[in-house]
There are 2 protein chains.
Amino acid sequence: MTPTPAGATPVAASRPDAPQRRSRARRGEGDRLREEILAAAERLLVETGDEAALSIRAIASAVGVTPPSIYLHFTGRTDLLFAVCERHWAQLSAAMDAAAGGVEDPVERLRRRGEAYVRFGLEHPEHYRVLMMRRPDQTPDRFTDERLASTAGLEVVAADLSAAMEAGRFPRQDPMEAAVLLWMAVHGMVSLLISKPDFPFPPPKQLFDHLYRMTLAGFGGPAS
Amino acid sequence: MTPTPAGATPVAASRPDAPQRRSRARRGEGDRLREEILAAAERLLVETGDEAALSIRAIASAVGVTPPSIYLHFTGRTDLLFAVCERHWAQLSAAMDAAAGGVEDPVERLRRRGEAYVRFGLEHPEHYRVLMMRRPDQTPDRFTDERLASTAGLEVVAADLSAAMEAGRFPRQDPMEAAVLLWMAVHGMVSLLISKPDFPFPPPKQLFDHLYRMTLAGFGGPAS
DNA sequence: TGTACATCAGTGAACGCGCGTTCACTGATGTAC
DNA sequence: TGTACATCAGTGAACGCGCGTTCACTGATGTAC
């Protein structure tokens with residue numbers, strides 16, 4: 001994911017295929033290992049699709065290093081796990097911002113953010129599971145409240161909803177609460193599709209269109 | 001949960017407080033242990049709120065029996081775990097049926113079923129997690145498709161939606177797909193409330209009312 | 001330019017833990033005679 | 001009514017596993033003199 005940091009002079013620098021030998025970092029470059037650990041953990045998460053596969057030993061062996069080395073950069077497994085999560089949060093909200101970028105119409109902005117949210121979830125199911133579906137006692141406190149709200153983009157959504165209400169495109173109501181409901185709707189869609197992949201759901205695109213009609217465009221008149 | 005089966009003559013029969021000693025079952029009553037195991041597992045699930053607490057050893061000790069005894073009635077941990085789940089499915093759909101029982105108006109029926117669904121989820125968060133949020137590879141095949149659909153009550157919801165459409169109370173659309181969307185909406189609400197209990201959500205009742213307005217009652221006109 | 005030395009990136013071996021599962025067994029219970 | 005015996009509900013001890021984490025260590029790298 002992250003490109004190899006510049007200055008990695010050694011020849012056999014961590015090839016993802018043969019993670020057997022790893023060249024020791026040079027004097028000031030101890031942090032190189034930290035990045036490699038995070039990258040390997042990320043890769044393991046994607047490949048196995050199971051957060052449980054991120055054991056200290058598995059990660060160490062994926063990097064080509066012994067387990068104790070992990071502790072040079074992380075205080076323990078939990079710390080490492082959340083360092084990985086940290087990146088996912090940024091990705092999700094960045095994906096939504098990118099999708100809405102440059103669009104003026106507030107309803108269309110909402111639609112695009114919703115689509116991006118669903119797409120992120122379906123394309124990174126295990127990331128989404130860690131972010132949004134984890135047991136709360138396995139989620140650190142700093143990943144709640146404002147952090148969570150900004151990741152889901154609640155303020156932005158509420159602002160677009162307000163604009164839509166101003167323009168008479170959406171019935172007047174508490175924009176923040178409506179934003180939460182929209183969040184719950186897309187979350188329900190993503191998490192159910194992730195957890196029950198064998199259930200004969202309609203295709204995601206069709207579902208999302210229908211959801212959009214039922215919650216946003218459908219207001220004020222029957223669906224087509 | 002289940003009452004002690006009749007004929008349990010022994011004096012110190014499994015008191016939930018002091019599960020130390022357990023009287024051996026009489027000759028034909030080997031199945032008594034099976035029930036006690038299931039009850040203990042259920043109790044552990046509720047008390048700890050963590051499915052991971054249901055280890056063979058923990059359950060055995062809760063019953064007052066040694067670990068190998070479990071294998072007299074279950075082929076392994078997985079088998080036992082899903083035997084416990086089996087009961088939750090029945091509970092969820094029974095709760096919804098009870099809530100809608102005797103109500104004629106289809107929209108009101110939908111509302112009551114939705115409320116019951118949310119209530120079940122919030123009152124039994126760990127049950128709900130096992131039922132609906134588990135990794136698919138940790139859920140047995142027999143818990144998908146028709147089973148899942150009937151637990152969520154999709155057919156009944158679709159029927160009520162059809163009736164509501166007939167009566168002009170809801171815009172015409174594919175009732176089964178709309179039922180799936182309503183399922184996703186309540187699921188999103190329940191699962192997010194469960195996974196992020198510290199997030200400053202509005203109170204569940206208010207959320208559900210708003211959700212109901214946005215999806216069902218809100219169609220055809222602005223919310224109050 | 002050469003050498004002693006501090007620093008720093010890691011290693012190797014081991015710890016204790018709880019887990020699911022197995023196997024050979026025991027001892028109370030009921031039944032056949 | 002009394003006794004040998006088959007049955008059945010469990011037990012006790014142990015297995016191998018992967019885990020997170022620790023501790024004392026090594027050996028290459030750069031720096032001071």
Side-chain angles (χ1 to χ4, degrees), chain A residues 4-5 7-14 19-38 40-41 44 48 50-84 138, chain B residues 4-5 7-14 19-38 40-41 44 48 50-84 138:
Chain A
T4 340
T9 351
V11 194
S14 72
Q20 296 292 18
R21 298 279 161 179
R22 195 192 88 103
S23 71
R24 187 207 207 94
R26 314 198 62 150
R27 199 62 169 283
E29 303 170 347
D31 283 350
R32 213 186 83 200
L33 179 55
R34 186 188 157 87
E35 286 308 311
E36 290 181 32
I37 290 170
L38 286 173
L44 266 177
T48 65
D50 190 352
E51 166 208 321
L54 297 194
S55 70
I56 293 281
R57 289 171 139 92
I59 294 169
S61 123
V63 175
V65 112
T66 60
S69 306
I70 306 286
Y71 294 88
L72 296 174
H73 296 283
F74 302 93
T75 67
R77 183 179 126 86
T78 309
D79 184 35
L80 165 54
L81 211 54
F82 293 135
V84 175
Q138 291 174 0
Chain B
T4 340
T9 354
V11 194
S14 73
Q20 297 292 18
R21 298 280 162 179
R22 194 192 88 102
S23 71
R24 185 208 209 94
R26 314 198 62 152
R27 200 60 169 284
E29 302 170 349
D31 283 350
R32 213 185 85 201
L33 179 55
R34 187 190 157 86
E35 285 308 311
E36 290 180 33
I37 290 170
L38 286 173
L44 266 177
T48 65
D50 189 353
E51 165 208 322
L54 296 194
S55 69
I56 292 281
R57 288 171 140 93
I59 294 169
S61 123
V63 175
V65 111
T66 59
S69 306
I70 306 286
Y71 292 88
L72 297 174
H73 298 282
F74 301 93
T75 67
R77 183 180 126 86
T78 311
D79 184 34
L80 165 54
L81 211 56
F82 293 135
V84 176
Q138 291 174 1

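Just so it is clear, the model here is predicted, and its values are computed rather than measured. These values consider heavy atoms only, across backbone and side chains, with no hydrogens, waters or symmetry-generated copies. In what follows, chains carry the letters A, B, and so on, assigned in the order in which the sequence lines appear, proteins first and then strands, with residues in each chain numbered from 1.
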Exercise. Check the pair B/Arg22 / B/Leu33 against side-chain contact (heavy atoms from CB on, under 4.5 Å), numbers first and verdict last.
Key: CA-CA 10 Å; B/Arg22 194 192 88 102; B/Leu33 179 55; 3.9 Å; yes
Practice problem: For the residue pair B/Phe74 and B/Ile56, establish whether any side-chain heavy-atom pair is separated by less than 4.5 Å. | Solution: no
Quiz prompt | Rounded distance (Å) that lies between atom C1' of C/dC8 and atom CZ of A/Arg26 | solution = 14 Å
Exercise. Send over the distance from B/His73 NE2 to D/dA9 P, rounded to a whole Å.
Key: 7 Å
Self-check item: Residues which pass ring-ring contact (aromatic ring centres under 6.0 Å, His included) with A/Phe82, listed by chain and number, not counting sequence neighbours
Solution: A/Phe143
Quiz item: CD1 of A/Ile37 versus P of C/dG10: gap in Å, rounded?
Solution: 9 Å
Exercise. Respond yes when some side-chain nitrogen or oxygen of A/Thr66 is under 4.0 Å from OP1 or OP2 of C/dT11, and no when none is.
Key: yes
Practice problem: Would you indicate, yes or no, if C/dA9 has its OP1 or OP2 atom less than 4.0 angstrom from a side-chain nitrogen or oxygen of A/Ser69? | Solution: no
Practice problem: Could you tell me the separation between the CD atom of A/Glu35 and the P atom of C/dA9, rounded to a whole number of Å? | Solution: 15 Å
Self-check item: Criterion side chain to side chain contact (heavy atoms under 4.5 Å, CB included) against B/Leu44, the qualifying member of B/Asp50, B/Val84, B/Leu54
Solution: B/Leu54
Quiz item: Please give, in whole Å, the distance from D/dA28 C1' to A/Arg24 CZ?
Solution: 5 Å
Self-check item: Structure string for DNA chain C in dot-bracket form, Watson-Crick and G-U at under 3.5 Å, | interchain
Solution: .||||||||||||||||||||||||||||||||
Quiz item: Once you round to the nearest 0.5 Å, how far does CZ of A/Arg32 lie from CD1 of A/Ile37?
Solution: 11.5 Å
Quiz item: When you look at B/Ile59 and B/Val65, which way does the side-chain contact (heavy atoms from CB on, under 4.5 Å) test go after all the steps?
Solution: CA-CA 9 Å; B/Ile59 294 169; B/Val65 111; over 6 Å; no
Quiz prompt | Per-nucleotide protein contact string for nucleotides 13-21 of chain D (B base, S sugar-phosphate only, - none; heavy atom under 4.0 Å) | solution = BB----BBB
Exercise. Check each of B/Asp79, B/Thr75, B/Leu80 against B/Ile70 using the side chain to side chain contact (heavy atoms under 4.5 Å, CB included) test, and report the only one that passes.
Key: B/Leu80
Practice problem: Give the rounded distance in Å between these two atoms: CG of A/Leu33 and P of C/dA9. | Solution: 9 Å
Quiz item: Please give, in whole Å, the distance from C/dG10 C1' to A/Glu36 CD?
Solution: 12 Å
Quiz item: Taking atom CD of B/Gln138 and atom OG1 of B/Thr78, what is their separation to the nearest 0.5 Å?
Solution: 9.0 Å
Quiz item: Between C/dC23 atom P and B/Ile70 atom CD1, what is the distance in whole Å?
Solution: 18 Å
Practice problem: With side-chain contact (heavy atoms from CB on, under 4.5 Å) as the test, would you mind laying out the steps for A/His73 and A/Asp31 before giving the verdict? | Solution: CA-CA 8 Å; A/His73 296 283; A/Asp31 283 350; 4.1 Å; yes
